[in-house]
Amino acid sequence: MSNATAITPTRDKDFPEWYQQVVRAADMAENSEVRGCMVIKPWGYGLWENIQRQLDAKFKATGHVNAYFPLLIPLSYLEKEAQHAEGFATECAVVTHHRLEAQKQPDGTIKMIPTGELAEPFVIRPTSETIIGAAFARWVESYRDLPLLINQWCNVMRWEMRPRLFLRTAEFLWQEGHTAHETAEEAIEETRTMHKVYEDFLRDHLAIPVIPGEKTERERFPGAVQTFTVEAMVQDKKAIQAGTSHYLGQNFAKAANIQFLGRDNTRQLAHTTSWGVSTRLIGTLIMAHGDDDGVIIPPRVAPNQIVILPVTPKPETRQEVIDACEALAQTLRAQSFGGEPLRVHVDKRDLQGGTKNWEWIKKGVPMRLEMGPRDITSRSVAVCRRDLGPKAKEFVPKEEFIQSVQERLGEIQDALLARAKALRDANMKKLETLEEFKAYFAENSEGGFALMNWAGSSEDEDALSKDLKVTIRCIPHGDQFAEEGKCFLTGKPSSRRVIFARSY
RNA sequence: CGGGGCGUAGCUCAGCCUGGUAGAGCGCUUGCUUUGGGAGCAAGAAGUCGUCAGUUCGAAUCUGGCCGCCCCGACCA
């Protein structure tokens, strides 16, 4: 093959199409016969399992426990919180029947006809605030029952108009944390804690730098009092919301009647929160780190961190090479990275070396090792780092490699974070006027994160969104965004810059 | 839900305008050659041309209904 890159088109040529091709080339997922629903293949699911396990440990460390709630939500539950109901109304799958009747057709085939209409339809959960709220109402009687700190790993369904693998599918996997607290302060504290957990996880595990901040009213979760978000920038300079945590006030407690007898012997409504990340993280990771040869997975979450490719030019030495590779794999598996045993795979398939090599490049394995007869003799391995070019290869004495493997994986992890951070910082710009703003987000311009002093209304936001397809991604936390100035649209005084960007 | 396009082998598509029941590339299988490398040559397997109906001696090709998918908008973790 003479292709300069493994993926066509390249990122520059057509980013959305590149994304689709990368997912396919990495064999992570495919569209299924069910509209909007994907099949997550082992390589993609393995990544999800690692994300899941590592995040779960962080949830446990912050005092949460896992539980599981029904997939189906009584329609009436959704009617209890008006804003929430409206927010999800247009994307709900509804279950109306509970049995089928087989009808024989004249041509001998069978048609299944739904019968047994339900008195009250169920909605397939788009999120579980309402049904978990109902459980909380039963579980909470006294302030002594609080806080309630629950997480659930599950699938949810939102009937999206335009699905895209990992980024927006009708069914997706996620975790949703739901907590109930005695006071507003404590609930807000919980919301901020989880917001921080997401920020840390994205940075330290996925090597994605994010900007933590708060959503404006317009972008807020339906029914929430405050929504916090971590916003990432991907390589086409668009923003993607990578995780959210919501302070729900007493809105859902009121709707579900989560009441407790307080320390002062009066009945009070609980303050609740919810927070979640989804398989969208995988899409974010791909768009943040991928290159024109495919995905690049940060070592901490890679299904395999190291793949060993036996080089077997002659049949008579094949077994010897494979044995040596297996032995090396065993040695490496005894080592750890990020607190977990190294995940090492020996690719013994009887395929051409180049084919296997490119396959793992496209899948984004952080490190590839090649070992052949000559390397056995010289007691060395050929080391290829995925974050460097496909041809970059370093011959390292085997013992030295074993000794330095942690450090080497750490370097890749760090390099990916540094690269993503450099991209984001280079595409974040303070602008002052509406003219500059319009030019920044003009049809053919690159765009990015525009940092703007802002004091506009939701209606102003709406207008900008319709006009330029740009929204306020967040009101960022942190001193570097605090700045006295005038709103670029309304001229009103503003003490903080917000982030505008096009988004996924 | 509006506006446009498309449904032909596992994948990407040609053929349709000018009706005569199927083709290419990639992938797959086998063999030979090659190989520190996504190689070459040869042979082979694989499609009731989305679906239902109409026109016709005859339909992938013309006409209509239905279903599905893709792109552009509104919605979105």
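Chain letters run A, B, ... following the sequence lines, proteins first, then strands; residues in each count from 1. Values below: every heavy atom of this structure, side chains too, minus hydrogens, waters and symmetry copies.
Summary of the strand contacts: A:Leu351 and A:Leu309 both lie near RNA chain B, and taking for each the nucleotide with the nearest heavy atom, the more 5' one is attributed to A:Leu351.
In this structure, B:rC32 forms a base pair with B:rG40, meeting either the Watson-Crick or the G-U wobble geometry with both donor-acceptor distances under 3.5 Å. The partner of B:rU48 cannot be assigned: no Watson-Crick or G-U wobble pair with both contacts below 3.5 Å exists in any strand. In a base pair of the Watson-Crick type (N1 to N3 plus N6-O4 or O6-N4) or a G-U wobble (N1-O2 and O6-N3), with each distance short of 3.5 Å, B:rG2 is matched with B:rC72.
With centres under 5.5 Å and a plane angle under 30° as the test, the ring of A:Trp174 is not stacked against the base of B:rA77.
When heavy atoms are screened at a 4.0 angstrom cut-off, A:Thr169 is found touching base atoms of the nucleic acid. When heavy atoms are screened at a 4.0 angstrom cut-off, A:Asp375 is found touching base atoms of the nucleic acid. Here A:Ser278 lies in heavy-atom contact (under 4.0 Å) with a base. A:Arg164 comes within contact range of no nucleotide atom at all, as no heavy-atom separation falls under 4.0 Å. In this structure, A:Glu91 reaches the sugar-phosphate backbone alone: every heavy-atom distance under 4.0 Å involves primed, P, OP1 or OP2 atoms, never a base.
Of all heavy-atom pairs spanning A:Ile297 and A:Ala302, the tightest one is CG2-CA, 3.5 Å. In terms of heavy-atom proximity, A:Gly223 sits nearest to A:Asn251 at O-ND2, 2.9 Å. Contact detail for A:Val277 and A:Gly243: the closest heavy-atom pair is CG1-CA, 3.7 Å.
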Please tabulate the protein-to-nucleotide N/O contacts below 3.5 Å involving nucleotides 31-35 of chain B, giving atom names and distances.
none

Nucleotides 72-74 of chain B: which of its N/O atoms have a protein N/O under 3.5 Å away?
{"from": "B:rC72", "atom 1": "OP2", "to": "A:Arg162", "atom 2": "NH1", "distance (Å)": "2.9"}
{"from": "B:rG73", "atom 1": "OP1", "to": "A:Lys469", "atom 2": "NZ", "distance (Å)": "3.3"}
{"from": "B:rG73", "atom 1": "N7", "to": "A:Arg162", "atom 2": "NH2", "distance (Å)": "3.2"}

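Separation of the A:His84 and A:Phe221 ring centroids falls under the 6.0 Å cut-off.
Contacts of A:Lys469 classified as salt bridge (charged side-chain N to carboxylate O under 4.0 Å, His left out), with partners at least two apart in sequence or in another chain: none.
Side chain A:Arg158 to base B:rC76: no donor-acceptor pair is found below 3.5 Å.
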